[in-house]
Q: 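Take this structure, written in structure tokens, and hold onto it; I'll ask about it next.
Keep in mind that the numbers below use all heavy atoms, side chains included, and drop hydrogens, waters and symmetry copies. Per chain, numbering begins at 1; letters A, B, ... match sequence-line order. These figures come from a predicted structure and were not determined experimentally.
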Amino acid sequence: MIKSLGKYVLMLYHIFFRPEKFSVYWRRFLDEVIQLGIKSLFIVTLMSAFMGAVLVIQTATAIESAWIPDYTVGFTVKQSMLLEFCPTIISLILAGKVGSNIASELGTMRVTEQIDALEVMGVNSIGYLIGPKIIAALFIFPIVIMYSMFFGFFGGGLVCYFTEIISVKQYLLGIRTFSGDNYEFIKYALTKTIVFAFIITSISSYFGYYLKGGALEVGKASTNAVVYSSIFILFANYILTQLILI
Amino acid sequence: MIKVNNISKSFLGVEVLKDISFTFEKGKTNLIIGKSGSGKSVLTKCIVGLFEPDNGEVYYDDRKFSVLKPKEKKEVRKEIGMLFQGSALFDSLTVEENVAFPLRMFTSMSESEILERVNFCLNRVNILNNNSLYPSELSGGMQKRVAIARAISLRPKYLFCDEPNSGLDPVTAIVIDELIQEITIEYQMTTIVITHDMNSVLEIGENILFIDNGTKKWEGNKEQILDVKVKELHDFVYVSKFLKKMKK
């Protein structure tokens, strides 16, 4: 455990070494933005829109009362999406998609000696392979989460439009209610996202980069990356919520 | 020239290399031969610095590798080209990008100069009109050639080849061996080839180190190896009944 932690810290330390050539690292960063962020948009859109839609139906059913105004549904959906569903649930989904992708990519590179090839050439393999992934995730994940928020609200709006469970007008009114707090909530959500982005990319990279063995171990590393990233996301979520919201 | 002096290396208390000394000569194809698990790859990884030896020293010409600063070690590594057993081409890059990789990373050449050098290296290994293919689209022999092109792109002083013809048919294997020998002479490199293929030994073995069970048992060249008296090497060379009969 302590040995693993030491290796993880050393890995992070190597990321901050001076790049051999900035232009090559910049290209790697752009590639990773596409790989980790842009290529995740489809699943994020689907997840967010359906989460928003289901939340509207569940909330409207749960608070069906003459004493509670309809716009409460919109307000509840907004709070849930901003505070928890978009930053945390979408990050857990990304831990599955992006985390397993990173671990298996680096693990395969280890097994097929591509990492050794980089080291023999004199390239800082950690800086070259892992650094751009972490920086790209820190940059693109907050954008992905804001995109997810939009599609979450949009999905909820579509349900209102097609089922008339509440009117779209009331739903939008609910979303705009207490909008003065929105800035703080978005700040909180994006802070969480940045921490989660770091957790997902660094833990998955650790499992892939230090892999020993063959194809079977690549699969195990991929699973471990998802499991450990998810566990640490849940811990970080609790700690950050306590620190920021209370 | 690369010189190793009294190299030893252990893993979890098991001694894999025992006190190995040898000089790999410039402009020659130097072979490290031995059975699987004899320590050939470990010795090579100690030489290139992927493993740190427990004892002993590695000299690149007059430079003692262990006392060099990290920056100086990086400079030495830029003078090394390595061909890995599985080629180790970068999956996500095309043939052209693979060969251009060291040039983009370590030189200030313009894109047109890089492209010119890449095409020269690919022509040298007889890979023509395949620049935009990915490694997975190439045959094993072609992957080896591209890996050689990448290894020589920075005009290295030292070339390491880890079982360059493993997994190849005998004809392609000899073509790869000959290519390695040709470029060694052409660029006056110190080339080290790890192999357990007797065809390679008899084809390009100008300076041979035989390792058995982590210990140096013999050194010589391809002319001397057929008359060798060392039992372990004799058993290695004359492993087939056919060759044993031929010798008698």
Side-chain angles (χ1 to χ4, degrees), chain A residues 3 10 13-14 16-36 39 101-133 136 205 208-215 218, chain B residues 11 41 44-51 68 70-93 97-111 114 135-136 143 146-147 150-154 156 158-163 166 192:
Chain A
K3 201 178 161 191
L10 262 179
Y13 170 69
H14 277 91
F16 297 105
F17 283 16
R18 218 181 100 201
E20 288 81 10
K21 202 162 190 193
F22 188 76
S23 60
V24 177
Y25 277 64
W26 173 248
R27 226 170 291 155
R28 285 267 308 132
F29 166 77
L30 295 179
D31 284 345
E32 292 300 342
V33 166
I34 294 167
Q35 194 65 34
L36 305 181
K39 288 190 176 173
N101 178 292
I102 291 175
S104 53
E105 179 195 330
L106 293 178
T108 307
M109 287 188 80
R110 170 66 73 195
V111 170
T112 55
E113 296 181 306
Q114 292 174 50
I115 292 178
D116 286 344
L118 285 170
E119 287 290 325
V120 170
M121 282 179 205
V123 177
N124 167 17
S125 61
I126 293 177
Y128 175 75
L129 293 172
I130 301 173
K133 285 186 194 302
S205 298
Y209 187 85
Y210 289 111
L211 178 139
K212 277 181 187 160
V218 174
Chain B
F11 292 103
S41 292
T44 314
K45 286 184 176 177
C46 285
I47 298 171
V48 297
L50 288 176
F51 291 154
L68 295 178
K71 208 176 167 186
E72 292 169 327
K73 281 185 180 172
K74 271 196 166 184
E75 289 307 313
V76 171
R77 283 183 171 160
K78 285 179 200 166
E79 296 172 3
I80 295 174
M82 187 152 181
L83 171 62
F84 285 86
Q85 197 171 345
S87 301
L89 294 172
F90 303 126
D91 298 328
S92 57
L93 305 182
E97 288 165 340
N98 261 286
V99 181
F101 182 84
L103 300 168
R104 290 207 171 106
M105 191 61 112
F106 296 116
T107 70
S108 50
M109 290 163 79
S110 68
E111 274 305 306
I114 287 174
S136 58
Q143 287 186 15
V146 175
R150 183 177 70 182
I152 61 169
S153 64
L154 275 178
Y158 317 101
L159 179 66
F160 291 80
C161 306
D162 188 359
E163 303 196 12
S166 71
I192 300 178

Q: Measure L83(B) against the heavy atoms of chain A and call it side chain, backbone, both or neither at under 4.5 Å.
A: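 Answer is neither: L83(B) stays 4.5 Å or more from chain A.
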Q: So which residue, R104(B), M82(B), K45(B), K78(B), ends up with the most heavy-atom pairs under 4.5 Å with chain A?
A: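 Of R104(B), M82(B), K45(B), K78(B), R104(B) has the most heavy-atom pairs under 4.5 Å with chain A.
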Q: Hey, are E75(B) and K71(B) close enough for a salt bridge, meaning a charged N less than 4.0 Å from a carboxylate O?
A: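 Looking at K71(B) together with E75(B), the answer is no, because their closest N to O distance does not fall below 4.0 Å.
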Q: Contact part of F101(B) toward chain A, heavy-atom cut-off under 4.5 Å: side chain, backbone, both or neither?
A: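 Just the side chain, heavy atoms under 4.5 Å.
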Q: Check each atom of R18(A) against the heavy atoms of chain B and say whether the ones under 4.5 Å are side chain, backbone, both or neither.
A: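 When you check distances to chain B, no heavy atom of R18(A) falls under 4.5 Å.
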Q: Within the distance-only criterion (no hydrogens, no angle test), does the side chain of N98(B) pair as donor or acceptor with the backbone N or O of L93(B) below 3.5 angstrom?
A: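 Present.
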Q: Look at the aromatic rings of W26(A) and F22(A) and report parallel, tilted or perpendicular, splitting at 30° and 60°.
A: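 W26(A) and F22(A): parallel rings.
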Q: On a heavy-atom basis, which atom in Y25(A) and which in M105(B) lie closest, and how many Å separate them?
A: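 Taking every non-hydrogen atom into account, CE1-CE, 4.1 Å.
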Q: Is a donor from one side chain sitting under 3.5 angstrom from an acceptor on the other, for N124(A) and E20(A)?
A: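 There is no such pair (donor and acceptor under 3.5 Å, judged by atom type) between the side chains of N124(A) and E20(A).
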Q: For V120(A), is it the side chain, the backbone, both, or neither that has a heavy atom closer than 4.5 Å to a heavy atom of chain B?
A: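 It is both, since atoms from each part get that close.
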Q: Think R77(B) forms a cation-pi with F106(B), using NZ or CZ under 6.0 Å from the six-ring centre and within 45 degrees of its axis?
A: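 R77(B) over F106(B) ring: no.
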Q: When heavy-atom pairs shorter than 4.5 Å are enumerated against chain A, which of I80(B), L50(B), D162(B), L154(B) gives the highest number?
A: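 Max contact count across the listed options: L50(B).
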Q: Give, as side chain, backbone, both or neither, the part of S153(B) having an atom under 4.5 angstrom from any heavy atom of chain A.
A: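 For S153(B), there is no contact with chain A at all, as no heavy atom is under 4.5 Å.
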